[in-house]
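Remarks on the structure that follows.
Fair warning: this is a prediction, and the values are worked out from it, not measured in the lab.
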Amino acid sequence: MMEETISLQEIIEVIKKHMKLIASVTIGAIIIAAIVSYIILTPIYESSTQFIVNDSDRYPNQEAQIDSGVIRTNVELINTYNVIITSNAVLDDVIENLNLTYNTGILKDKISVSSEENSQVVTVTVKDPDPYLATEIANEVVAVFQQLVPEIMNVDNVNVLTEAETADNPSPVEPRPSLNMAIALVLGLMVGIGIAFLIEYLDTKVGKEKDITDLGLTVVGTVFTMRPE
């Protein structure tokens, strides 16, 4: 069985032959990505607050040396705290305090909790179309959590490290038009080139000698195009 191969020169020829098609598909993809990013998608803003988990009862002046066992215990507690922060016990109070119009499920999707490995600092991040509301929610979530954790866990070791603030000219974190258009550029090129090769594959017309020899036939003559002088 004969294997059909294609040379680099033939690839370049196909791309050059269908350059307008490839360019049109690529530009179209970029335009669509720009329209979706700038017009259709709603801008999303982000606001973050941080709190630290430590033993304030044992070390009220924060000057005593905290041993590694206490730090390890606090780090282990953070995993539990991450669950409590997004629980209905906290979110129900946040919704009531801020008079939010959505339920706990929607609010939970707006909140993310993270902490670096072996760190006692926890970051609570909120995303919302309203940058000021995102800041209010972030601060209120931590405030409610700080009030409830002594009742739930029977400990008082949460202290706010940094409150969330809204910048004077907040910039949305989503969507990211530049990234979306860059992705559209790559996809547009791939799709355009793919269509070009598909057209060539489906084209059964004989246009040059190689098309005849590839079929196992012999060229017996060539007719040139004559242009009147």
Side-chain angles (χ1 to χ4, degrees), residues 11-12 14-51 82-83 85-88 90-116 121-145 162-203:
I11 294 175
I12 295 174
V14 172
I15 293 175
K16 289 173 63 177
K17 180 179 178 181
H18 298 280
M19 184 62 71
K20 290 184 178 179
L21 170 65
I22 296 171
S24 299
V25 172
T26 303
I27 294 172
I30 294 174
I31 292 174
I32 293 173
I35 293 174
V36 171
S37 298
Y38 285 107
I39 299 176
I40 298 178
L41 295 179
T42 302
I44 302 296
Y45 298 85
E46 182 180 273
S47 190
S48 299
T49 180
Q50 292 181 318
F51 66 85
N82 291 351
V83 176
I85 290 172
T86 55
S87 67
N88 289 354
V90 173
L91 300 186
D92 284 339
D93 286 353
V94 172
I95 291 174
E96 182 179 354
N97 295 345
L98 297 180
N99 295 318
L100 301 179
T101 57
Y102 33 77
N103 58 34
T104 54
I106 296 177
L107 179 57
K108 184 176 181 179
D109 291 337
K110 295 175 178 286
I111 301 172
S112 61
V113 184
S114 62
S115 60
E116 296 294 333
V121 177
V122 179
T123 302
V124 178
T125 303
V126 177
K127 293 182 178 180
D128 193 85
D130 184 342
Y132 298 97
L133 182 57
T135 298
E136 289 184 16
I137 292 175
N139 288 329
E140 188 64 23
V141 165
V142 174
V144 171
F145 169 72
T162 305
E163 289 190 351
E165 295 182 354
T166 304
D168 293 334
N169 295 303
S171 300
V173 294
E174 299 175 10
R176 300 170 64 182
S178 298
L179 177 61
N180 293 343
M181 288 189 287
I183 294 174
L185 170 64
V186 175
L187 292 179
L189 285 172
M190 293 174 61
V191 172
I193 293 173
I195 293 175
F197 278 96
L198 179 62
I199 292 174
E200 287 296 313
Y201 177 77
L202 297 177
D203 186 5

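Of the inter-residue distances, the one linking R176 atom CZ with S37 atom OG reads 11.0 Å to the nearest 0.5 angstrom. Note that CD of E174 and CG of L41 are 9.5 Å apart. Values are rounded to the nearest 0.5 Å. The distance from atom OG1 of T26 to atom CG of L21, rounded to the nearest 0.5 Å, is 9.0 Å. Atom CD of E163 is separated from atom CG of N139 by 5.0 Å, given to the nearest 0.5 angstrom. Note that CD1 of I15 and CD1 of I193 are 4.5 Å apart. Values are rounded to the nearest 0.5 Å. Distance check, rounded to the nearest 0.5 Å: CG of D128 to CG of L100 gives 8.5 Å.
When all heavy atoms are compared, the tightest approach of T166 to P131 is OG1-O, 3.5 Å. G188 and A29 get closest at one heavy-atom pair: CA-CB, 4.1 Å. In this structure, V124 and A138 approach most closely via the heavy-atom pair O-CB, 4.4 Å. Listed here is the closest heavy atom pair of Y45 and P172: CE2-N, 3.5 Å. Contact detail for S48 and T125: the closest heavy-atom pair is OG-OG1, 2.9 Å. When every heavy atom of G192 is checked against every heavy atom of V25, the shortest pair comes out as N-CG1, 3.9 Å.
Residues satisfying the side chain to side chain donor-acceptor pair (under 3.5 Å) criterion with D130, sequence neighbours excluded, are absent altogether.
Put simply, the side chain of S24 does not reach to within 4.5 Å of the side chain of H18, judged on heavy atoms.
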| query | Between I11 and F197, is a side-chain contact (heavy atoms from CB on, under 4.5 Å) present by the stated rule, with each step listed? | reply | CA-CA 9 Å; I11 294 175; F197 278 96; 3.6 Å; yes
| request: Could you walk me through whether F145 and V122 pass side-chain contact (heavy atoms from CB on, under 4.5 Å), step by step? | output: CA-CA 12 Å; F145 169 72; V122 179; over 6 Å; no
| message | Let's go through T86 and V90 carefully: what are the C-alpha distance in whole Å and the side-chain angles of both, what is the deciding distance for side-chain contact (heavy atoms from CB on, under 4.5 Å) to 0.1 Å, and is it a yes or a no? | response | CA-CA 7 Å; T86 55; V90 173; over 6 Å; no
| task | Begin from the C-alpha positions of T123 and Q50 and carry the test side-chain hydrogen bond (donor to acceptor under 3.5 Å, both in side chains) through to its verdict. | result | CA-CA 4 Å; T123 302; Q50 292 181 318; 3.1 Å; yes
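No more than 12 heavy atoms of other residues, nucleotides or ligands lie within 6.0 Å of CD in E165, so this atom counts as exposed by the packing criterion.
Panel note: side chain T49, backbone T162; a donor-acceptor pair is recorded below 3.5 Å.
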